[in-house]
Amino acid sequence: MKTFACGDVVPGCRASWVCDTEDDILVQVATHAADHGIVEVSDELVAAVRAHIVAVA
């Protein structure tokens, strides 16, 4: 299991996810990005998200 909190990349955002894989989190984050006005997810954003994904025991 993996977890990601959007607020780690976008200060003030309280959205978070727990998913089976990093790819599952990235799918959820890509959908959520529209809430921040992001239409196209850049490689830099993907890298920032990946850097803040944490394994859950």
Side-chain angles (χ1 to χ4, degrees):
M1 298 292 284
K2 306 284 185 170
T3 187
F4 171 73
C6 188
D8 290 342
V9 176
V10 180
C13 185
R14 299 178 63 112
S16 63
W17 299 268
V18 177
C19 299
D20 290 331
T21 68
E22 282 190 13
D23 288 340
D24 291 341
I25 287 178
L26 290 172
V27 168
Q28 297 298 315
V29 169
T31 301
H32 172 70
D35 293 344
H36 295 291
I38 299 169
V39 177
E40 186 172 329
V41 178
S42 67
D43 291 342
E44 292 82 9
L45 181 56
V46 171
V49 169
R50 285 191 188 275
H52 289 90
I53 293 175
V54 178
V56 178

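The structure presented is a predicted model; accordingly, all values stated were derived computationally and were not measured.
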K.L.:
Nearest 0.5 Å, please: how far is OG1 in T3 from CD1 in I53?
P.N.:
9.0 Å
K.L.:
Suppose the criterion is salt bridge (charged side-chain N to carboxylate O under 4.0 Å, His left out): which pairs have a residue in residues 5-14, not counting sequence neighbours?
P.N.:
none
K.L.:
Please list all pairs passing the side-chain hydrogen bond (donor to acceptor under 3.5 Å, both in side chains) test where one or both residues lie in residues 20-34, with sequence neighbours left out.
P.N.:
T21-D24, E22-R50, H32-D35, H32-H36
K.L.:
What residues join M1 in its hydrophobic cluster, counting side-chain heavy atom gaps under 4.5 Å, either direct or through other members?
P.N.:
V18, V56
K.L.:
Considering non-hydrogen atoms only, spot the tightest contact between A33 and V41 and give its length.
P.N.:
CB-CG2, 4.3 Å
K.L.:
Check A5 against S16 and note the closest heavy-atom contact, atom names and distance.
P.N.:
CA-CB, 3.9 Å
K.L.:
Do W17 and V29 come close enough that some side-chain heavy atom pair is under 4.5 Å?
P.N.:
yes
K.L.:
Looking only at non-hydrogen atoms, find the nearest pair between V9 and A48 and report the distance.
P.N.:
CG2-O, 3.9 Å
K.L.:
Indicate, with yes or no, if V46 and F4 share a hydrophobic cluster defined by side-chain heavy-atom contacts under 4.5 Å among Ile, Leu, Val, Met, Phe, Trp and Tyr.
P.N.:
yes
K.L.:
Verify the cluster assignment for I25 and I38: are they in a single hydrophobic cluster under the rule of side-chain heavy atoms below 4.5 Å apart?
P.N.:
yes
